[in-house]
Amino acid sequence: MKVIYLIFSIFILSEGTVLRTKENCSKKVRYDKYGFQPLCASCTGLITVASFILKFDVSEPVVLDFATIICKLFAKQPWAVCDGISSQFRDEFFYVFRRLANESPSQICGIILPDCADPTDPSESGWKVALPPKPKRKRVFKKKEKKPKMSASQNLNVLQLTDLHVDFEYKYPSEANCDDPVCCRQSVAEPKKASGYWGSVGKCDIPFWTVENMLSHINKTHMIDMVLMTGDYINHVDWEYSIEEHLSVLRKLHRLVQNSFPTTPIYWALGNHEGVPVNSFAPHNVDERFWPTWLYKEFLAMSHPWLTEGADESLLKRGSYATQIMDGLKLVSLNTGFCEVTNFFLYLNQSDPDSSMSWFVKELYESELKGEQVYVLAHIPPGDSECLEGWAFNYYRVIQRFESTIAAQFFGHDHLDYFTVFYEDMHNVSSKPIGVGYAAPSVTTFEYQNPAYRVYEVDPYNKFKIVDYTSYSADLEKATEDKAPVWEKLYSAREAYAMDDLSPVSWNTVIQKLFKNEKKREQFYKYAFRNSSPQCDVTCRQQLMCNLRMGHHNSTLYCPNL
């Protein structure tokens with residue numbers, strides 16, 4: 001039992017905003033004559049015994065103490081972090097473990113040992129959401145009318161802010177290179193590396209006054225027609241998370257953004273750090289005490305002014321909602337907490353938690369029948385290493401089915417600036433490119449990026465297509481207590497990549513150029529990190545190239561040979 005909890009603890013502690021590496025890819029393993037790896041049989045036996053003991057010996061405190069000690073020794077985290085994580089996940093872990101051990105011990109082994117996964121399900125999808133057939137439409141021949149040429153000023157400006165991770169406990173001056181996972185929170189007389197007043201690129205989240213400065217700059221510089229918030233508003237000090245603190249931070253941030261854009265529609269999506277514990281989003285097939293009702297209610301209050309009738313029902317049920325932005329355009333905000341790999345509740349039943357994917361399909365189908373376009377707002381990109389393959393696989397299928405209805409997909413989570421192309425055949429990158437997912441840069445400086453925001457130019461007269469986008473950033477090393485950050489244009493997509501348009505086909509051409517040209521790749525890395533010297537090794541750089549086609553988890557197909 002201690003061993004199993006240890007594995008889960010280290011799994012949680014190693015989780016964060018990280019890039020998928022080649023080590024995550026499955027390797028060829030040897031199986032016995034029954035089709036199982038020998039280690040899996042031992043694991044299943046251990047789980048069965050542990051479950052039997054736990055029925056008669058409620059030794060949870062002992063297990064937690066042991067896990068905390070091992071966390072300190074092997075995960076090499078401070079006592080406060082290890083103790084906090086163990087306490088945070090205590091109820092959730094034992095609840096899920098008991099149910100799985102009673103119902104399917106082998107499933108636990110499949111979770112913690114990748115080579116023990118179900119051999120009858122090589123795609124790891126496990127389930128398939130039902131997709132409606134495409135509606136039959138009568139062809140109507142209309143005389144083509146010459147439309148007047150629209151000027152750029154008639155396009156819409158859409159602001160995307162993601163991964164703010166605002167730290168309301170940021171201290172200046174303080175230690176920016178501490179032993180904790182997150183720094184800049186304790187004042188010291190002689191810091192090894194002093195924190196910056198406006199923030200510190202490294203192991204620190206961003207102070208709220210820098211966010212205020214950024215929002216003020218945006219308000220004075222851009223005419224914003226719509227604001228998209230793609231999740232992770234809470235700091236990275238996840239071993240101290242509490243519902244009360246989360247609610248306080250969300251309300252402060254909501255007031256900050258709302259005061260900056262009092263008459264502008266603001267649309268929010270949930271990030272994994274909004275959960276308490278982190279990444280925890282319990283579906284309704286578990287005990288009510290675990291439901292994040294408090295969070296969904298708060299998001300309803302934050303989103304309410306811009307929600308159309310009926311949107312609140314889905315938001316309160318699953319943390320996702322759909323709302324009409326304007327004639328011909330709907331927005332769907334998806335709670336990707338239901339694809340998070342360390343949301344342990346999902347391992348009880350990964351099949352369409354709270355019917356989120358089925359609901360997503362229904363909303364898209366209704367829009368398809370009306371002939372309207374849809375923007376998808378979500379936090380975790382489906383091909384990210386923190387997203388379960390079952391969810392990612394089904395999301396990809398939905399994108400394929402509704403390629404003509406989905407006008408754009410907006411993501412965050414990785415803190416990096418990149419994009420992902422989806423294909424007509426997810427197993428063939430030579431097939432027709434049909435969609436693009438935009439992963440925007442983070443506002444937070446954690447880890448090793450300068451803060452940034454992005455503005456999209458949208459053509460409302462041509463199916464709300466993205467005409468261009470521009471990312472803006474501030475170099476915090478040039479800012480001082482007396483000298484505010486200078487927010488400057490980092491790059492525009494069309495200029496940087498010499499694109500005629502931002503269609504999936506054009507983005508696929510960009511991918512081919514990046515694969516072939518090392519100089520272009522180097523520039524891409526700098527854009528991704530907003531840093532002249534990106535903290536990105538060979539594995540990291542390889543993964544960034546993989547991300548360009550990683551709509552779900554198929555490293556063998558999507559990763560290039562550079």
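- Not one N or O on the side chain of Ser555 forms a donor-acceptor pair closer than 3.5 Å with the backbone of Cys546.
- Using a 4.0 Å cut-off between charged side-chain N and carboxylate O, Arg185 and Asp180 make no salt bridge.
- Using a distance-only test at 3.5 Å, with no hydrogens or angles considered, a donor-acceptor pair links the side chain of His415 to the main chain of Phe446.
- Proximity of a side-chain donor or acceptor of Gln543 to a complementary backbone N or O of Cys559 within less than 3.5 Å is not detected.
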(request) Would you please test Tyr527 and Ser471 for side chain to side chain contact (heavy atoms under 4.5 Å, CB included) and show each step? (result) CA-CA 9 Å; Tyr527 290 154; Ser471 290; over 6 Å; no

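- Cys204 has its SG atom at least 2.5 Å from the SG atom of Cys183.
- Listed by chain and number, the residues in a side-chain contact (heavy atoms from CB on, under 4.5 Å) with Glu488 are Val486 (sequence neighbours excluded).
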With a 3.5 Å cut-off and sequence neighbours excluded, list the donor-acceptor pairs that the side chains of residues 254-271 form with protein atoms.
unit_1 : atom_1 : unit_2 : atom_2 : d
His254 : NE2    : Met302 : O      : 3.3
Asn259 : ND2    : Arg255 : O      : 3.1
Ser260 : OG     : Leu256 : O      : 3.0

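- Here Ile380 contributes atom CD1 and Leu388 contributes atom CG; the two are 9.0 Å apart, rounded to the nearest 0.5 Å.
- Between the side chains of Ser473 and Asn450, no donor-acceptor pair of N or O atoms lies under 3.5 Å.
- With a 6.0 Å radius and a threshold of 12 heavy atoms from other residues, nucleotides or ligands, Glu288 has its CD atom at or below the threshold.
- Residues satisfying the side-chain contact (heavy atoms from CB on, under 4.5 Å) criterion with Gln535, sequence neighbours excluded, are Tyr448.
- In this structure, the separation between CG on Asn157 and CD1 on Ile218 is 11.5 Å, given to the nearest 0.5 Å.
- Using the six-membered ring where Trp is involved, Phe344 and Tyr347 have ring planes that are tilted, between 30° and 60° apart.
- Between Arg541 and Glu522, at least one side-chain N (NZ, or NE/NH1/NH2) sits under 4.0 Å from a carboxylate O, which counts as a salt bridge.
- Across every non-hydrogen atom of Val227 and Ile224, the tightest pair is CG2-CG2, 3.9 Å.
- Under a 3.5 Å cut-off, the side chain of Glu274 and the backbone N or O of Tyr233 do form a donor-acceptor pair.
- Within a 6.0 Å sphere centred on CD of Glu477, heavy atoms belonging to other residues, nucleotides or ligands number 12 at most.
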(request) Please report the C-alpha distance between Tyr472 and Tyr491 in whole Å, then the side-chain angles of each, then the deciding distance to 0.1 Å, and finally whether the side-chain hydrogen bond (donor to acceptor under 3.5 Å, both in side chains) criterion is met. (result) CA-CA 7 Å; Tyr472 298 83; Tyr491 77 101; over 6 Å; no

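- Listed by chain and number, the residues in a side-chain hydrogen bond (donor to acceptor under 3.5 Å, both in side chains) with Lys252 amount to none (sequence neighbours excluded).
- Side-chain atoms of Thr480 come within 3.5 Å of backbone atoms of Lys483 as a donor-acceptor pair (strictly under, hydrogens ignored).
- With sequence neighbours excluded, no residue forms a side-chain hydrogen bond (donor to acceptor under 3.5 Å, both in side chains) with Thr470.
- The backbone N or O of Cys184 lies less than 3.5 Å from no partner atom in the side chain of Glu169, so there is not a single donor-acceptor pair.
- For Lys526, the NZ atom is loosely surrounded, since the number of other residues' heavy atoms within 6.0 Å does not exceed 12.
- The CD1 atom of Ile243 lies 9.5 Å from the OG1 atom of Thr293; values are rounded to the nearest 0.5 Å.
- Residues Cys540 and Phe529 approach most closely at SG-CZ, 3.9 Å, considering heavy atoms.
- Evaluation of the salt bridge (charged side-chain N to carboxylate O under 4.0 Å, His left out) rule for Asp287 yields Arg289 as partners, not counting sequence neighbours.
- When all heavy atoms are compared, the tightest approach of Met226 to Ile325 is CE-CG2, 3.7 Å.
- Of the N and O atoms on the side chains of Thr444 and Asp205, at least one donor lies less than 3.5 Å from an acceptor on the other residue.
- Listed by chain and number, the residues in a side-chain contact (heavy atoms from CB on, under 4.5 Å) with Ala474 are Pro485, Trp487 (sequence neighbours excluded).
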(request) Begin with the C-alpha distance, continue with both residues' side-chain angles, and end with the deciding distance and a verdict on side-chain hydrogen bond (donor to acceptor under 3.5 Å, both in side chains) for Ser200 and Ser195. (result) CA-CA 6 Å; Ser200 300; Ser195 63; 4.8 Å; no

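- Under the rule for a ring pair (Phe, Tyr, Trp, His ring centres under 6.0 Å), the partners of Trp291 that lie at least two apart in sequence or sit in another chain are His284.
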(request) Assess whether side chain to side chain contact (heavy atoms under 4.5 Å, CB included) is satisfied between Ile234 and Phe168, documenting all intermediate values. (result) CA-CA 9 Å; Ile234 312 297; Phe168 287 94; over 6 Å; no

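- In this structure, Asp417 CG and Tyr469 OH are separated by 5.0 Å, a value rounded to the nearest 0.5 Å.
- To the nearest 0.5 Å, atoms CE (Met550) and CG (Asp384) are separated by 9.5 Å.
- Note: Phe524 and Tyr497 have tilted aromatic rings, judged against thresholds of 30 and 60 degrees for the angle between ring planes.
- Take Tyr396 and apply the side-chain contact (heavy atoms from CB on, under 4.5 Å) test, not counting sequence neighbours, and it matches Gln400, Phe422, Tyr423, Met426, His552, Tyr558.
- Trp209 places a side-chain N or O within 3.5 Å of a backbone atom of Tyr197 that can act as its donor or acceptor partner.
- Without hydrogens or angle criteria, Asp468 side chain to Arg494 main chain gives a donor-acceptor distance under 3.5 Å.
- The two atoms that bring Gly319 and Asn335 nearest to each other are O-CB, 3.5 Å, heavy atoms only.
- Judged as a side-chain hydrogen bond (donor to acceptor under 3.5 Å, both in side chains), and not counting sequence neighbours, the contacts of Thr221 are His217.
- In plain terms, the two heavy atoms of Val455 and Tyr453 that are nearest each other are CG2-CE1, 3.9 Å.
- Not counting sequence neighbours, the partners of Tyr375 by the ring pair (Phe, Tyr, Trp, His ring centres under 6.0 Å) test are Phe410.
- Legend: residues meeting side-chain hydrogen bond (donor to acceptor under 3.5 Å, both in side chains) with Arg530, ordered by chain and number and at least two apart, are Ser442.
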(request) Just do the side chain to side chain contact (heavy atoms under 4.5 Å, CB included) check on Phe281 and Phe338 with the steps written out, would you? (result) CA-CA 7 Å; Phe281 295 86; Phe338 288 144; 4.2 Å; yes

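- Atom CD1 of Ile511 sits about 4.5 Å away from atom CZ of Phe419, to the nearest 0.5 Å.
- Phe290 and Phe345 have tilted rings, their planes meeting at an angle from 30° to 60° on a 0 to 90° scale.
- Under the 3.5 Å distance criterion, the side-chain polar atoms of Tyr525 are left unmatched by any main-chain donor or acceptor of Asn531.
- A donor-acceptor contact shorter than 3.5 Å links the side chain of Arg521 to the backbone of Leu514.
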(message) Set out, in order, the CA-CA distance, both residues' side-chain angles and the distance that settles side chain to side chain contact (heavy atoms under 4.5 Å, CB included) for Leu315 and Leu307, then state yes or no.
(response) CA-CA 10 Å; Leu315 198 160; Leu307 297 185; 4.1 Å; yes

